[in-house]
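Take a look at the structure set out below.
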Amino acid sequence: MRSWNRARLLWGYLRRKSRLNALPVEYIVETTAKCNIYCPMCPRETHKQPKEDMSDQVFERLVQESGDSAEHMMLIGLGEPLLDNKIFDRIEYCQRHKISTLLSTNGTLLDENASRRLLETSVEHITLSFDGATKESFEFYRKGAKFERVQENFVRFARMKAAMKAKVQVVVQMVRMEKNWDEVDDFERFWKAIPGVDQTRVKADETDLMSPDGGHAPADFQHPCHYLWRGPMYVKQNGDVYPCCQSYMLDGKPLGKIGDQPLTEIWNSPEMERMRGLHTTGKAAEIDICGKCRTAIPHPLLVAGSLIFHGRTVRKFLPWVEKLAYWSRLPIQLLRPQKQARPQGKGPTEDLVQISAPRD
């Protein structure tokens, strides 16, 4: 069923169909809107969030309606997943429906007990967010988190993963910004040496909060954005559904609500069809949220590859594709890296994301 769903998505994308007879392969699911730290680059600082979790009714309805087609659910959003008391149950629920799960955590709650429980689940990928190689930069961008404690939590988690021979992919990620701009080498040197860390990732800031003058130029829309055909769709804690992971923070409007309409109707809502139509006719810049978006739009060859293979396989190869692209060993036409604005007085503008594996 999933392979047939991907085939129909691929046909719709290549034929530039505005209405699709299939559902997305990926979802970003905000199981909680609660967070315990303050990050100046996070959209929750400009979009007030309730201190609430997603209800079982919304979550289970989403999984049930997407269960025959969904391949990945990223149980993240504008909250810290480990503040969701049911996060382990949700991972198990997805597993019962043969859907892979991914998490991203700020690490403040990742003590030994939480680490063990998480490593005993079926979660396939975990991003450990660590925005700085020094106490000064880390605690500036992660207010309320303590550098030494989070570092200790992440190191212990990675070593426990190695000792338990858990199959989960562990990526330590830094968003590169002004105060940590010169810390990339130290960041990578430290985390590559930790057993259990599979990759390090240095990425650009994709929000508008720290540098609001970014976004796509009309010339950037040479190809339709893959998010509108394959996902991920973004499901907020209250069940509101947005077309992609960027649309909510760019002040886009929800397409519908889980429970109020079938998922198939939301995926082919009039607004979704309008957006696809503008993307296929080279007019995507007319869409306000797309014009302000910073996410790279890959070449149709890469999009096709992401739909030919199961999401699990795509996830395994994605870091290598990114490495090839950002080391300029992949033709620039296939994936144009995002240029990050150069902070005043810093080094040259660079292409991000940079992904690398620990040295043996």
Table please: side-chain donor-acceptor pairs of residues 16-25 below 3.5 Å, with sequence neighbours left out.
{"from": "Arg16", "atom 1": "NH1", "to": "Thr280", "atom 2": "O", "distance (Å)": "3.2"}
{"from": "Arg19", "atom 1": "NH1", "to": "Asn268", "atom 2": "O", "distance (Å)": "3.3"}
{"from": "Arg19", "atom 1": "NH1", "to": "Glu273", "atom 2": "OE2", "distance (Å)": "2.6"}

Can you tell me if [X] uses its side chain to pair, donor with acceptor, with the backbone of [Y] under 3.5 Å?
X: Asn153; Y: Gly107; result: yes
X: Lys143; Y: Phe140; result: yes
X: Glu65; Y: Leu263; result: yes
X: Arg201; Y: Met174; result: no
X: Arg44; Y: Gln49; result: no
X: Gln261; Y: Lys257; result: yes
X: Glu30; Y: Ile28; result: no
X: His299; Y: Leu301; result: yes

> Taking the inter-plane angle between the rings of Tyr93 and Phe59 on a 0 to 90° scale, is it parallel (under 30°), tilted (30 to 60°) or perpendicular (over 60°)?
Replying inline: tilted
Reported [atom1]-to-[atom2] distance for the pair [X] and [Y], which is rounded to 0.5 angstrom:
X: Met275; Y: Tyr227; atom1: CE; atom2: OH; result: 12.5 Å
X: Met272; Y: Trp229; atom1: CE; atom2: CH2; result: 8.5 Å
X: Leu119; Y: Met164; atom1: CG; atom2: CE; result: 5.0 Å
X: Tyr248; Y: Lys236; atom1: OH; atom2: NZ; result: 4.0 Å
X: Met73; Y: Leu102; atom1: CE; atom2: CG; result: 11.5 Å
X: Lys51; Y: Cys35; atom1: NZ; atom2: SG; result: 11.0 Å

> Stepwise, does the side-chain contact (heavy atoms from CB on, under 4.5 Å) test hold for Ile91 with Leu103?
Replying inline: CA-CA 10 Å; Ile91 294 171; Leu103 291 183; 4.2 Å; yes
> Yes or no on side chain to side chain donor-acceptor pair (under 3.5 Å) for Lys135 and Gln151, after CA distance, side-chain angles and deciding distance?
Replying inline: CA-CA 10 Å; Lys135 180 180 177 68; Gln151 185 181 73; over 6 Å; no
Considering all heavy atoms, the nearest [X]-[Y] contact:
X: Leu78; Y: Cys42; answer: CD2-SG, 4.3 Å
X: Leu128; Y: Ile126; answer: CD2-CG2, 3.6 Å
X: Ile266; Y: Met233; answer: CG2-CE, 4.1 Å
X: Ala162; Y: Pro195; answer: CB-C, 4.1 Å
X: Leu110; Y: Leu82; answer: CD1-CD1, 3.8 Å
X: Ala145; Y: Ile37; answer: N-CG2, 3.9 Å

> Given His125 and Val171, is the side-chain contact (heavy atoms from CB on, under 4.5 Å) satisfied, shown in steps?
Replying inline: CA-CA 8 Å; His125 176 109; Val171 176; 3.6 Å; yes
Other residues, nucleotides, ligands: >12 heavy atoms within 6.0 Å of [X] [atom1]:
X: Arg96; atom1: CZ; answer: yes
X: Gln57; atom1: CD; answer: no
X: Arg274; atom1: CZ; answer: yes
X: Glu136; atom1: CD; answer: no

Do [X] and [Y] make a side-chain contact, defined as non-hydrogen atoms from C-beta onward lying under 4.5 Å apart?
X: Asn180; Y: Phe187; result: no
X: Met177; Y: Met41; result: yes
X: Val175; Y: Tyr141; result: no
X: Arg6; Y: Arg230; result: no
X: Asp56; Y: Asp89; result: no
X: Ser306; Y: His226; result: no
X: Arg156; Y: Asp111; result: yes
X: Glu112; Y: Met160; result: yes

Kindly work out whether a path of hydrophobic side-chain contacts (I/L/V/M/F/W/Y, heavy atoms less than 4.5 Å apart) joins [X] to [Y].
X: Met54; Y: Met74; result: no
X: Ile76; Y: Phe88; result: no
X: Leu255; Y: Tyr234; result: no
X: Phe309; Y: Leu14; result: yes
X: Ile289; Y: Met249; result: yes

>> For Phe130, run the ring pair (Phe, Tyr, Trp, His ring centres under 6.0 Å) check against Phe157, Phe147, Phe190 and tell me which one passes.
In response: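 Going through the options one by one, the only one that passes is Phe147.
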> Can you list the steps and then say if Leu83 with Asn36 is a side-chain contact (heavy atoms from CB on, under 4.5 Å)?
Replying inline: CA-CA 8 Å; Leu83 282 171; Asn36 58 343; 4.2 Å; yes
One thing to verify: whether [Y] and [X] come together as a salt bridge, which I'm taking to mean a side-chain N less than 4.0 angstrom from a carboxylate O.
X: Asp185; Y: Arg189; value: no
X: Arg90; Y: Asp84; value: yes
X: Asp198; Y: Lys161; value: yes
X: Glu120; Y: Arg117; value: no

> Any luck finding a side-chain donor-acceptor pair between Glu80 and Thr105 under 3.5 Å?
Replying inline: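 Side-chain D/A pair, Glu80 to Thr105: present.
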> Do Thr32 and Asp53 have side-chain atoms, one donor and one acceptor, less than 3.5 Å apart?
Replying inline: yes
> Can you list the steps and then say if Glu124 with Ser100 is a side chain to side chain donor-acceptor pair (under 3.5 Å)?
Replying inline: CA-CA 6 Å; Glu124 291 194 359; Ser100 302; 3.1 Å; yes
> Can you name the one residue among Lys179, Glu178, Glu183, Arg142 that meets side chain to side chain donor-acceptor pair (under 3.5 Å) with Ser137?
Replying inline: Glu183
> Please, which pairs that meet ring-ring contact (aromatic ring centres under 6.0 Å, His included) have at least one residue in residues 266-288, sequence neighbours excluded?
Replying inline: Phe221-His279
>> Please evaluate residues Phe154 and Ile194 with respect to the criterion side-chain contact (heavy atoms from CB on, under 4.5 Å), reporting the C-alpha separation (whole Å), side-chain torsions for both, the decisive distance (0.1 Å), and the verdict.
In response: CA-CA 10 Å; Phe154 283 169; Ile194 303 300; over 6 Å; no
